[in-house]
Structures are given as C-alpha cells and as structure tokens.
Amino acid sequence: MRKTRSSGGLRFSYPSPPEEIPRWAREEARRWVGKDQFDVLVMAEELSGRSLEVRYVDLPEDVFGFHVCRGSRGAILINAGLPPFWRRFTLFHEIYHIVKHPKGKAFWERTFQPLSRFEREADHFAWAAVWPEWSRGDYSQWDCL
C-alpha cells in the first residue's frame, strides 16, 4: 500500500513498510544502519570500486531517484522534493543496485529474472537499512508521512 502526501508542492506516493523484512536484507543492511551519508558513500565506493557522488535534483514526483554509472564513476540522483527520510531510503535503494546489480538494466533485461525482482530486493535492503529509524519514530520530525 502506498500513502500519498504533498511535499514541497509535489505529491509523492510513499511505500508502506513491509510486513516482514527478509533475513538476507537484515543481514546485508546490518553494517549500513546508522551511518551518515559520508560513511555510506565510503562503504559503497569500497564495495563497488567506483567513485560516487550524490546529487539532489528536481525530478518528476513519481521518480524518487536513480543512478548512473560509467567506468569508475557513478552518481546517485535523488529527488530534491523528497523529505529527508525518503531521501535516505532512496540512497540505500540506489546503493543496493550499484553494489549488487552492477551490470545495469541492459544486462538484467536479457536474463530470465524480472526487473521487478531487483526493485523488490533494493526496496527490502533500503527498508532494512532505515528500519531502526522508522521503528523508533526518528523520522517523525522529518515530515515524511
């Protein structure tokens, strides 16, 4: 289920938290939990072998973010209209793609795996990484719901 809310003039549809976060996602996310953006990027750079940057840009309201990688460089573009909690969620979602799906969309389109599976995996990882903040209500002052 998604919840729609206006933020900065945009109407975002936010995903509801999963009923259960898979064990693999909790284990993958354990070392990422509680880290600030700088430390998250350092870890992602070490794991991906790429120099990464994050940019907050104006994107359509149905696009939380995406990443672009070429050679040894990569950029994560996150919708500037998102509240801070959802920016963080999007950061983890895109980092999962960079680290675990490094061959990109063109490669995965040629496999027998549906792209929706890779999106669900990235969402599970992102939820696991932000779950402590979500469950403690640390996001409440961030105007994210």
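All values reported here derive from a predicted model rather than from experimental measurement.
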> Enumerate donor-acceptor pairs with a distance under 3.5 Å from any side-chain N or O in residues 34-45 to protein atoms, sequence neighbours excluded.
unit_1 : atom_1 : unit_2 : atom_2 : d
D36    : OD1    : F38    : N      : 3.2
D36    : OD1    : D39    : N      : 2.8
Q37    : OE1    : Y56    : OH     : 2.6
E45    : OE2    : L52    : N      : 2.8

> Ring centroid separation for W134 and F89, is it under 6.0 angstrom?
no

> Do the side chains of L47 and Y96 join up, straight or via other hydrophobic residues, at under 4.5 Å, putting them in one cluster?
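Linked within one cluster.
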
> Could you give the side-chain donor-acceptor pairs of residues 20-31 under 3.5 Å, partners two or more places apart or in another chain?
unit_1 : atom_1 : unit_2 : atom_2 : d
R26    : NH1    : I21    : O      : 2.5
E28    : OE1    : K100   : NZ     : 3.4
E28    : OE2    : K100   : NZ     : 3.3

> Taking all heavy atoms of I98 and all of S48, pick out the closest pair and write down the distance.
CG2-CB, 3.7 Å

> Starting at CG of D62, measure out to OG of S13 and round the result to the nearest 0.5 Å.
9.5 Å

> Taking it one step at a time, do F66 and L59 satisfy side chain to side chain contact (heavy atoms under 4.5 Å, CB included)?
CA-CA 10 Å; F66 62 93; L59 296 171; 3.8 Å; yes

> Carefully, step by step, assess L82 and Y14 under the rule side chain to side chain contact (heavy atoms under 4.5 Å, CB included).
CA-CA 10 Å; L82 285 170; Y14 301 110; 4.1 Å; yes

> Have H97 and E121 got a donor and an acceptor in their side chains that come within less than 3.5 Å?
no

> With rounding to the nearest 0.5 angstrom, report the NE2 to NE2 distance, H93 to H67.
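Atom-to-atom, H93:NE2 and H67:NE2 are 9.0 Å apart.
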
> Between atom CZ of F85 and atom OG1 of T90, what is the distance when rounded to the nearest 0.5 Å?
9.5 Å

> Ignoring hydrogens, what is the shortest heavy-atom contact between E94 and G65? Give both atom names and the distance.
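Nearest pair, atom of E94 first, then G65: OE2-O, 3.4 Å.
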
> When you measure from the side chain of R55 to the backbone of I76, do you find a donor-acceptor pair of N or O atoms at a distance under 3.5 Å?
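No: the side chain of R55 does not pair with the backbone of I76.
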
> Could you state the interatomic distance from CG (D123) to CZ (F64), rounded to the nearest 0.5 Å?
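Between D123 CG and F64 CZ, I get 9.0 Å after rounding to 0.5 Å.
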
> Set out, in order, the CA-CA distance, both residues' side-chain angles and the distance that settles side chain to side chain contact (heavy atoms under 4.5 Å, CB included) for F12 and N79, then state yes or no.
CA-CA 10 Å; F12 290 102; N79 195 323; 3.5 Å; yes

> Could you tell me if the ring centre of W32 sits under 6.0 Å from that of W131?
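No, too far apart.
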
